[in-house]
Amino acid sequence: MKLLALLLLPLFAMSLSAQSAPTVAEAQDFMNRAEIRLNEFSLKTNRASWLQSNFITFDTEALASDAIDEATAATTELVEQGKRFDGLQLPPDLRRKFDLLRLTLTAPAPKDPVLRREMTEIGTSLEGDYGKGKYCRSNKPDDCLDITAIETIMATSRDPHELADVWRGWHAIAPPMRQRYSRFVELSNHGARELGFKDTGALWRSGYDMPPDAFSADLERLWQQVRPLYLSLHTYVRARLVQKYGPQIVPPDGPIPAHLLGNPWAQEWGNIYPLLGLPETKGDYDLTEILKSKKLDAKGMVKYGEGFFTSMGFDPLPATFWERSLFTKPADRDVVCHASAWDLDNQDDLRVKMCIQIRDTDFVTIHHELGHNFYQRAYKHQPFLFENGANDGFHEAIGDAIALAITPEYLKQVGLIQTVPPVEADIPLLLKQALDRVAFLPFGLLIDQWRWKVFSGEIKPADYNKSWWELRKKYQGVAPPMPRSETDFDPGAKYHVAGNVPYTRYFLAHVLEFQFYRALCRESGYQGPLNRCTFYGSKAAGAKFNKMLQMGQSKPWPDALEVLTGERQTDAGALLEYFAPLKKWLDEQNKGAKQGW
Ligand code: X8Z
Ligand code: ZN
């Protein structure tokens with residue numbers, strides 16, 4: 001960094017002093033140089049971060065911190081220098097780049113190098129701690145469960161004591177993060193204010209081509225649109241869990257204990273589908289069983305994902321994707337198992353990093369991750385600052401829209417099942433989908449409702465855990481399995497809090513993916529109930545999709561949405577259409593039952 005800064009500074013210093021009134025040509029020149037620098041830093045930090053999350057050691061953490069520190073410093077400096085062009089009338093594309101430049105840092109840092117380094121090191125160490133997190137059930141070192149093992153137990157065990165124990169064990173990784181987290185918040189806010197934002201949360205909310213307050217209001221609109229469906233699902237699931245575990249463990253009128261929903265964070269509930277007592281229907285299938293019986297390995301599963309995209313006309317992934325990705329958890333070292341997709345050089349060096357298990361949810365996650373990679377490749381010809389999703393919700397929704405098209409019809413076409421289940425199977429199929437995608441909605445919303453208040457100071461460190469559970473109750477209607485206190489730090493047991501990844505993107509994605517899906521279905525010529533549509537093999541759908549993907553972030557997101565869907569608003573209409581038959585069915589089942597908690 002030192003050398004680069006020295007090289008950079010005279011250039012900018014020159015243009016700063018040469019003229020007091022800046023010109024459009026200078027702004028253009030400044031931006032061209034800035035994008036070259038940013039691209040170089042991005043490559044360096046990507047490499048260092050890839051190493052750090054694939055080999056979590058003292059040294060890789062230090063190297064990643066160094067790279068991030070340098071890149072943060074350079075970006076902050078560029079934003080600072082870019083302020084010079086603030087009042088200048090610029091062509092819209094160029095103005096957009098200046099606006100995006102201000103938003104590039106998810107973790108803005110103080111200008112003071114000592115404070116900046118402190119913040120970067122905290123950030124890296126929190127993510128590393130999450131990656132190393134384990135719960136050792138006894139004192140024997142070989143009885144330690146990592147997050148992959150914990151997830152399996154939470155998905156399959158039906159013993160409430162074991163579930164509570166494992167839940168508690170996993171959440172015990174987080175209290176040591178608490179102090180560092182609150183310091184991180186302080187330092188990052190400091191940086192955000194220096195960049196001209198109220199706090200880091202305000203910076204995050206500014207990335208949606210509308211004023212931050214309008215964005216918050218839009219989220220509330222979407223939540224109100226989907227909330228009745230969530231309540232119907234919650235009511236139904238709670239009643240079945242009361243039958244399974246008894247009213248002592250599941251209060252019939254209260255929030256559902258968070259350890260009984262098949263997932264350490266109660267964020268997706270698909271794993272408890274077998275507890276819901278639906279009769280077997282003709283043609284029922286269990287994708288996990290099928291994947292196992294076909295003896296598919298992790299790579300084989302990813303091949304299916306790639307196959308979906310190529311069937312729509314996208315080029316296959318490059319050979320380096322297969323050589324450099326991490327598909328399975330290495331036996332001998334700590335890695336960050338939380339799935340992610342990477343674009344190391346903003347060109348062709350695409351990778352995924354995932355500890356794949358042979359099961360249905362991982363099949364879906366693979367499509368999710370590949371959605372990121374195919375998006376990244378589609379917009380690689382854009383200038384650096386436009387090489388991104390139309391907004392971050394779009395990035396998360398691409399692969400999910402494809403995963404929605406993993407219908408029985410599709411599975412039959414690729415030879416994974418023999419017969420397509422009849423229409424009577426629709427309710428079970430829809431319920432299974434809803435357990436993952438509808439149950440997720442309040443969770444997707446609440447994480448940043450918590451974090452935005454943490455960043456704004458409305459939630460003080462002394463209330464971190466209490467306010468976390470208030471929001472969990474308010475939105476999700478779930479409760480902790482045992483009393484919690486401020487010695488706990490339950491938010492830190494979720495990857496995106498420890499790793500400082502904004503989360504509202506996933507709420508948006510869970511709405512957008514149905515909009516994308518419906519548009520792709522229409523483009524493929526499909527007619528019929530929405531939940532049975534697949535566009536596997538549709539070149540027309542692929543071409544339309546690509547039209548949006550290759551725009552990257554070059555235009556405000558409503559423009560991108562319009563290209564694919566003809567709509568300019570995020571809207572849950574498609575989601576509600578998809579689940580309409582289920583909503584009707586749930587409400588019949590729920591007759592007479594109390595809704596809410
Ligand atoms: O983090 C992810 C992806 C990587 S971007 C696996 N997701 C969220 C989560 O796991 O909490 C996908 C769904 C929500
Ligand atoms: Zn993702």
Side-chain angles (χ1 to χ4, degrees), residues 49-50 53 106 127 130-131 133 147-148 150-152 154-155 170 174 258 261-271 298 301-302 305 325-327 329 335-343 350-357 359-376 388-404 433-451 472 475-476 478 490-514 516 549 575:
S49 301
W50 174 266
S53 3
T106 5
E127 199 196 354
Y130 184 95
I147 188 55
T148 310
I150 301 253
E151 282 187 73
T152 303
M154 303 254 4
W170 176 249
L261 289 159
N263 171 281
W265 310 276
Q267 66 178 64
E268 281 132 359
W269 305 350
N271 293 322
M301 281 167 66
V302 182
S325 287
L326 177 94
F327 297 118
K329 185 176 168 4
V335 302
V336 177
C337 268
H338 190 88
S340 53
W342 298 63
D343 177 7
L350 306 167
R351 307 178 195 176
V352 295
K353 180 178 62 60
M354 203 181 150
C355 303
I356 298 177
Q357 299 185 74
R359 50 175 194 180
D360 52 2
T361 50
D362 287 34
F363 198 60
V364 170
T365 306
I366 286 166
H367 290 75
H368 174 95
E369 296 309 332
L370 292 185
H372 288 305
N373 288 142
F374 279 91
Y375 204 176
Q376 287 157 344
N388 211 338
N391 68 39
D392 55 4
F394 278 60
H395 228 304
E396 299 303 335
I398 305 304
D400 285 3
I402 300 286
L404 280 172
Q433 281 285 18
L435 288 170
D436 283 334
R437 307 218 185 208
V438 177
F440 180 82
L441 291 160
F443 184 80
L445 192 60
L446 77 85
I447 301 238
D448 283 350
Q449 298 293 317
W450 181 82
R451 251 186 319 198
R472 298 267 272 163
Y475 286 103
Q476 283 187 289
V478 305
D490 295 328
K494 176 68 195 159
Y495 169 72
H496 302 70
V497 175
N500 194 45
V501 182
Y503 210 79
T504 306
R505 55 182 65 177
Y506 301 106
F507 173 78
L508 291 174
H510 277 65
V511 174
L512 283 168
E513 66 203 40
F514 286 91
F516 296 172
L549 300 184
L575 183 153

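Counting starts at 1 for both ligands and their atoms, in listed order. Since the model is a prediction, treat every value here as computed from it, not as a measurement.
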ask   = Do Phe516 and Leu404 come close enough that some side-chain heavy atom pair is under 4.5 Å?
value =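 Not touching, per the 4.5 Å side-chain cut-off.
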[Y] backbone acceptor or donor facing [X] side chain under 3.5 Å:
X	Y	answer
Trp265	Ala493	yes
Glu396	Tyr506	no
Asn271	Gly262	yes
His496	Pro502	no

What residue and atom, counting heavy atoms only, is the protein's closest point to [atom], and at what distance?
atom	result
atom 2 (C) of ligand 1	His338 NE2, 3.4 Å
atom 5 (S) of ligand 1	Tyr506 OH, 3.1 Å
atom 6 (C) of ligand 1	Glu369 OE2, 3.2 Å

key: Proximity of Tyr503 to ligand 1 by residue part, where a heavy atom lies under 4.0 Å   =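 Side chain only; the backbone of Tyr503 stays clear of ligand 1.
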key: Within reach of ligand 1, part of Phe440 (heavy-atom separation under 4.0 Å)   =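 The answer is the side chain.
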Could you list the atoms of ligand 1 found under 4.0 angstrom from a heavy atom of [X]?
X	answer
Lys494	9 (C), 10 (O), 11 (O)
His372	5 (S)
Ala339	4 (C), 6 (C)

Would one find an N or O of [X], backbone or side chain, under 3.5 Å from an N or O of ligand 1?
X	answer
Gln267	yes
His368	no
Glu396	no
His496	yes

request  = Please name the atom of Glu396, restricted to N, O or S, that is closest to the Zn ion (ligand 2).
outcome  =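 Checking each N, O and S atom of Glu396, the shortest distance to the Zn ion (ligand 2) belongs to OE1.
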query = If you look at His372, which of its N/O/S atoms is nearest to the Zn ion (ligand 2)?
reply =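 In His372, the N, O or S atom with the shortest distance to the Zn ion (ligand 2) is NE2.
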query = For Gln357 and Thr152, does a side-chain donor sit closer than 3.5 Å to a side-chain acceptor?
reply =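 Their side chains do contain a donor-acceptor pair, which is all the 3.5 Å distance test asks for.
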key: Side-chain donor-acceptor contact under 3.5 Å, Tyr130 with His338   =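 No, His338 and Tyr130 have no side-chain donor paired with an acceptor closer than 3.5 Å.
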For His367, the option from Ile398, Val302, Ile402 that meets side chain to side chain contact (heavy atoms under 4.5 Å, CB included) =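 Option passing the side chain to side chain contact (heavy atoms under 4.5 Å, CB included) with His367: Ile402.
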request  = If the plane angle is over 60° it's perpendicular, under 30° parallel, otherwise tilted; pick one for His372 and His368.
outcome  =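 His372 vs His368 ring planes: perpendicular.
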